[in-house]
Amino acid sequence: MSDHTATDAMRRLLELLAEGATGDDLGCPLADARAAGTGPHELAQIEEAARLALRVHRTLKQHRRREAELTALFDTAGDLAALRDLVAVLRSIVHCARLLLGTDTAYLTLPDERAGDTYMRVTDGSISPLFQALRVPMGKGLGGLVAQTARPYATPDYGTDERFRHTAAIDAGVLDDGLVAILGVPLLLGSRRTEGGKVIGVLFAADRTSRAFSPDEVALLCSLAAHAAIDTARALAHTQAALAELAEANVVIREHAAAMQRAEEAHDRLTDLVLGGGATTDVAAAVAELLGSAIAVHDATGHRLAHSGDSPELTPAAVTAATAESRTAARAVRLDRHWVCAVLAGPELLGSLVLLDHPDLDDPDRRLFERAGVVTALLLLLRRTVAETENRIRGELLTDLLTAADRDPAGLVDLRLALLIAHQ
C-alpha cells in the first residue's frame with residue numbers, strides 16, 4: 001500500500017465533489033482503501049474526509065433543490081400575472097404546490113356558503129374519484145382545523161392523528177386515494193383572523209407515505225396560498241392590487257434566486273482553489289473578495305494563520321471564545337463588529353474563519369461565509385495529512401539509511417547536504 005494512499009483518497013473525494021458525483025460515488029475511495037489494506041491511522045483519516053465530503057454533498061444538493069424551487073416559483077408567479085380566469089389561476093397554484101414540495105398530490109378546498117360545507121375546487125395528482133368529489137362539513141378534518149385556527153397544520157399520518165375531527169366520509173376518501181402525510185395552510189384574506197382576516201379556503205399538499213414537512217416547506221406552501229387567497233376572481237381579473245402583489249413576489253423570488261446562484265458560484269470557486277493546491281491565504285483572499293471585507297484564518301488556539309485585507313488582529317482568547325460558541329451553535333456567530341465561524345472536521349476543531357469589520361451580515365452572506373468554513377476545513381485537513389505523510393516518509397527513509405548493513409557514512413553526508421539544498 002502506497003504511503004500516499006490517504007492523500008490520494010482525499011484528493012479523489014474533492015474531485016468527485018467537483019464533478020457532481022452521487023453520495024454512493026463518494027464512498028468509493030474509502031471502500032478502495034479498505035480493500036487495499038490501508039493502515040488504521042490512514043483509514044481513520046479517509047473515513048473522516050469521506051464523512052465531511054458527504055456533508056458538503058448534502059449541503060450542495062439542498063441548495064440546488066432550493067434554487068430549483070425558487071426558479072419554479074418565480075416562473076409560476078410570472079404566469080399568474082398573465083392569467084385572468086380564477087380556475088386557471090387555482091390550477092396553476094395547486095400544480096406548483098405539488099411540484100415545489102415534491103408531493104404525490106396537492107389540492108385546494110373552498111367553502112360553499114349555501115350548502116354549509118367545503119368542496120374540492122382543484123386537485124392535482126389525485127387518483128381517486130371518491131376523493132375528488134369529497135365534500136367536507138365545516139370544522140371537520142384537517143382542513144376544518146386549519147380554517148378554524150387560520151394556521152398551518154401538518155400530520156405525518158392522517159389516519160392516526162387525533163388533533164382534528166374525523167368523519168367516515170373524509171377518512172374513506174383519504175384512504176381511497178392512499179394519502180398518509182398531509183399539510184394544510186389557510187387561504188387568508190387579511191393578516192390574521194383576529195384582526196378581521198377571513199379564511200376563504202385551504203391549500204393542501206399530501207404524500208402517500210409518511211413524512212415530516214419542514215418549516216421551509218410550510219412557508220413555501222403559505223406563499224402559494226397567499227396568491228390563491230387574493231380576493232377572488234375579481235381581485236385577480238380586475239384589480240391592480242393583485243398584479244402589484246404578484247410583481248412584488250417576482251422581485252423577492254428573483255433576489256432569492258440570485259443569492260442561491262451566487263452561493264453556488266462561490267462554492268465552485270473555493271473548491272477549485274482547493275483542488276488546484278491553493279493555500280489558506282488564497283482561500284482568505286477569495287472569501288474576502290466575495291464578501292467585500294477582510295478575512296482571517298486562525299488555528300485551533302486562536303492564533304492567526306493567514307489573512308487578506310487590512311484588518312485588526314483579534315486576541316487569541318477572544319477568537320477562541322467565539323469559536324467555541326460557533327462550534328456549539330453550528331453556525332457563524334457575531335463578535336463585536338466581526339463574525340466567527342468554527343472550522344471543523346467532524347468533532348475535531350481545526351481552527352476558525354473570521355470576517356472582520358463587517359457588522360451587518362444578511363442570511364445569504366452568512367451561509368456563504370459558513371460554506372467557506374467547510375471548504376477551509378477540507379483544505380486544512382488535506383494540508384495536515386500531506387504533512388504527516390511527508391514526515392513519516394522522511395523518518396522511515398532515515399531509519400533505513402542508518403540501519404542498513406552496507407551504509408556508506410560519506411554517502412550519508414552527501415545525501416544530507418542534498419536534502420538540505422532541496423529543502424531550501
Side-chain angles (χ1 to χ4, degrees), residues 14 17 52 55-56 59-60 62-63 255-256 258-384 386-387:
L14 290 172
L17 282 174
L52 195 58
R55 178 182 170 188
V56 173
T59 300
L60 288 174
Q62 180 182 2
H63 283 300
E255 291 174 351
H256 279 291
M260 294 303 302
Q261 182 177 1
R262 177 169 172 257
E264 192 74 21
E265 291 173 351
H267 188 274
D268 290 343
R269 177 178 176 184
L270 294 174
T271 302
D272 288 343
L273 276 178
V274 176
L275 291 174
T280 51
T281 52
D282 299 320
V283 172
V287 179
E289 181 180 345
L290 289 168
L291 295 177
S293 188
I295 286 285
V297 181
H298 293 253
D299 62 19
T301 64
H303 291 84
R304 181 179 288 188
L305 294 175
H307 73 281
S308 178
D310 296 330
S311 60
E313 185 166 356
L314 306 181
T315 64
V319 174
T320 301
T323 301
E325 181 183 351
S326 171
R327 183 179 187 181
T328 301
R331 60 180 296 171
V333 297
R334 189 166 179 169
L335 175 62
D336 297 328
R337 294 176 52 81
H338 321 295
W339 288 84
V340 178
C341 180
V343 174
L344 301 170
E348 181 183 359
L349 178 64
L350 301 179
S352 61
L353 205 59
V354 181
L355 182 64
L356 296 148
D357 286 330
H358 199 106
D360 298 322
L361 191 66
D362 57 21
D363 283 344
D365 279 351
R366 180 181 57 77
R367 287 192 292 270
L368 192 156
F369 179 50
E370 291 167 350
R371 183 178 287 191
V374 174
V375 175
T376 303
L378 287 172
L379 176 62
L380 294 178
L381 189 63
L382 180 60
R383 287 184 59 194
R384 187 180 68 181
V386 170

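The figures that follow rest on heavy atoms only: side chains count, while hydrogens, waters and symmetry mates do not.
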Which atom names give the shortest non-hydrogen contact between [X] and [Y], and what distance separates them?
X	Y	result
Val287	Ala372	CG2-CB, 3.6 Å
Ala296	His298	CB-NE2, 3.7 Å
Arg331	Ser326	O-OG, 2.7 Å
Trp339	Phe369	O-CZ, 3.7 Å
Ala345	Leu350	CB-CD1, 3.7 Å
Gly373	Leu353	N-CD2, 3.8 Å

Spatial distance of atom [atom1] ([X]) from atom [atom2] ([Y]) [nearest 0.5 Å]:
X	Y	atom1	atom2	result
Leu355	Leu335	CG	CG	11.5 Å
Arg304	Ser352	CZ	OG	10.5 Å
Thr376	Leu344	OG1	CG	11.5 Å
Leu356	Ile295	CG	CD1	7.0 Å
Leu314	His303	CG	NE2	12.5 Å

So do the side chains of His307 and Glu313 get within less than 4.5 Å of each other, counting heavy atoms only?
-> no
Trace of the side-chain contact (heavy atoms from CB on, under 4.5 Å) decision for Asp357 with His338 = CA-CA 5 Å; Asp357 286 330; His338 321 295; 3.5 Å; yes
